[in-house]
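Take a look at the structure below.
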Amino acid sequence: MNLKFKENILSPLLVLAIIVIVTAVNFIPAEAIGIKDNPYLAVVVIQLLSYAIPALFYSRIRGKELTPKLKLRFFKPSQILFLIMATVFLICGTVLISMAMYKFAPNAFEASAVSEYAAFAMNRRLFDGVYLIVAFAVLPAITEEFVFRGIILGEYQHRGVVLASMISSAMFAMAHFSIVRFPIYFFSGLVLALVVFATRSVLAGMVIHALNNTFVLFAEKFITNAVDKQNVSLTLLVIILGALALLSLLIMCFEAHTIYRRYSDANVESDHALMNKKGKFEQIAETFFSPTFLILLIVYIIVCLIEP
């Protein structure tokens, strides 16, 4: 099966389906899905139901045309320094944005924290830490990267790196149901998109995403506590994080240049070259003002407003 729909019509429907499924699951009583009996298994099942099944169904519909766009290949050992710097930049950037958003809307920020959703699973049994990381950090990284940096980014890549990165990041942020955290997820999406484009590996995005999720899961509470204190140590922390973000970004850009130079030396053709010859504004309009994307945006706003 291989349907010839335009990506700006079909792709938002995938994210819309994910949002609808996740929203529907939230209305199911916790007892009915086994959260109390086996919380980790329940979270894994929900994640697979919400992301994996719609993504696989979409992939089936699109057929072989989608497969090469997914970038399901391993990154190269020579790209590891680039990935380390990208991870540092992602973590520092998300922490700084989180500080600003928590300062702006502390109650809404805390209500949407991953640690709040995972609180029922945080106890002192020996393997809980491992289960917690797998269920709330690793598995979401795998499924979300497959959807947003595999499918969505791949579908839009012929429109160029900038538009593809922006639209995939916007949809990625919408799928997390938080207006106050939208800038954090949008920034994360941009960084992860650039990582996948540079390494040509969605697996690289999965690794970095999982590391960032793990950091947020265990460290975000300390960050919000630091903001609450508002003392000299907070100012010092902001300066250190800003310096680390800038330094890691510079090294990341240098390594990206080296990676692309190697592609050029090896005559490796780009799989995301700009192939659409339409004007810039026409492409932006087709990307961000398609009927299905506007429906997705409206549904996202409604869901955010009705979420407790």
Side-chain angles (χ1 to χ4, degrees), residues 15 18-19 22-23 26 86-119 122 132 136-137 140-141 144-145 147-149 165-195 205 208-249 252 288 296-308:
V15 183
I18 291 171
I19 288 178
V22 173
T23 303
N26 288 339
T87 304
V88 174
F89 177 64
L90 176 59
I91 291 175
C92 291
T94 53
V95 169
L96 288 171
I97 299 173
S98 296
M99 286 179 169
M101 299 312 296
Y102 176 70
K103 182 72 175 177
F104 174 72
N107 293 333
F109 188 88
E110 285 195 334
S112 59
V114 176
S115 57
E116 290 296 319
Y117 298 122
M122 290 183 174
L132 197 65
F136 290 93
E144 291 173 10
E145 286 305 299
V147 170
F148 296 104
R149 257 66 63 180
S165 299
M166 290 183 66
I167 190 67
S168 64
S169 300
M171 292 187 191
F172 174 62
M174 289 180 191
H176 288 83
F177 310 104
S178 174
I179 293 177
V180 73
R181 287 179 182 263
F182 187 95
I184 301 169
Y185 291 118
F186 186 77
F187 168 79
S188 301
L190 289 178
V191 176
L192 291 166
L194 295 178
V195 165
I208 294 177
H209 193 156
L211 291 173
N212 184 65
N213 281 355
T214 303
F215 177 86
V216 171
L217 186 61
F218 292 103
E220 186 175 90
K221 202 68 178 178
F222 297 101
I223 302 300
T224 55
N225 288 339
V227 175
D228 285 333
K229 292 179 180 178
Q230 298 190 32
N231 52 24
V232 177
S233 61
L234 175 62
T235 303
L236 181 60
L237 177 61
V238 171
I239 293 173
I240 292 174
L241 289 172
L244 279 175
L246 180 59
L247 178 62
S248 58
L249 177 61
M252 179 181 166
F288 288 98
L296 173 62
L297 179 60
I298 293 171
V299 171
Y300 163 72
I301 294 173
I302 294 173
V303 170
C304 288
L305 291 176
I306 65 176
E307 280 287 309

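For the numbers below, each heavy atom of this structure counts, side chains included, while hydrogens, waters and symmetry mates do not.
Considering every non-hydrogen atom in both N213 and P140, the closest pair reads ND2-CB, 4.2 Å. Listed here is the closest heavy atom pair of A137 and T214: CB-OG1, 3.4 Å. Closest approach of V195 to G205, counting heavy atoms only: CG1-N, 4.3 Å. Of all heavy-atom pairs spanning L296 and M174, the tightest one is CG-SD, 3.8 Å. Heavy atoms only, all atoms of each residue included: V180 and A105 are closest at CG2-CB, 3.7 Å.
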Please assess V95 against F215 for the test side-chain contact (heavy atoms from CB on, under 4.5 Å), listing each intermediate value before the final yes or no.
CA-CA 10 Å; V95 169; F215 177 86; 3.4 Å; yes
Start with the C-alpha distance between L244 and F89, add both sets of side-chain angles, then the distance that settles side-chain contact (heavy atoms from CB on, under 4.5 Å), and finish with yes or no.
CA-CA 7 Å; L244 279 175; F89 177 64; over 6 Å; no
CA sep, side-chain torsions, deciding dist, call: F182, H176, side-chain contact (heavy atoms from CB on, under 4.5 Å):
CA-CA 8 Å; F182 187 95; H176 288 83; over 6 Å; no
Please walk me through it: do N212 and T87 pass side-chain contact (heavy atoms from CB on, under 4.5 Å)?
CA-CA 7 Å; N212 184 65; T87 304; 6.0 Å; no
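F172 places a side-chain heavy atom less than 4.5 Å from the side chain of R149. Counting only heavy atoms from C-beta outward, the side chains of T23 and F177 approach each other to under 4.5 Å. Residues I223 and Y102 are not in side-chain contact: their nearest non-hydrogen atoms beyond the backbone lie 4.5 Å or more apart. Annotation: side chain of L234 is in contact with side chain of M99 (closest heavy-atom distance under 4.5 Å).
Interatomic distance, OG1 of T94 versus CG of L241, reported as 9.0 Å (0.5 Å rounding). In this structure, M171 CE and I18 CD1 are separated by 10.5 Å, a value rounded to the nearest 0.5 Å. Here S233 contributes atom OG and I240 contributes atom CD1; the two are 10.0 Å apart, rounded to the nearest 0.5 Å. Between the CE atom of M166 and the CZ atom of F288 there is a distance of 4.5 Å, given to the nearest 0.5 Å.
Although no hydrogens or angles enter the test, the distance criterion places a donor-acceptor pair under 3.5 Å between the side chain of N225 and the main chain of K221. Looking at Y300, its side chain does come within 3.5 Å of a backbone N or O of S178 through a donor-acceptor pair.
You'll find the ring centres of F148 and H209 outside the 6.0 Å limit.
Contacts classified as salt bridge (charged side-chain N to carboxylate O under 4.0 Å, His left out) and involving residues 176-187 (residues at least two apart or in different chains) are given here: R181-E220.
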Can I get a per-line list of side-chain donor-acceptor pairs under 3.5 Å for residues 184-192, giving both atom names and the distance, sequence neighbours left out?
{"residue": "S188", "atom": "OG", "partner": "I184", "partner atom": "O", "Å": "2.9"}

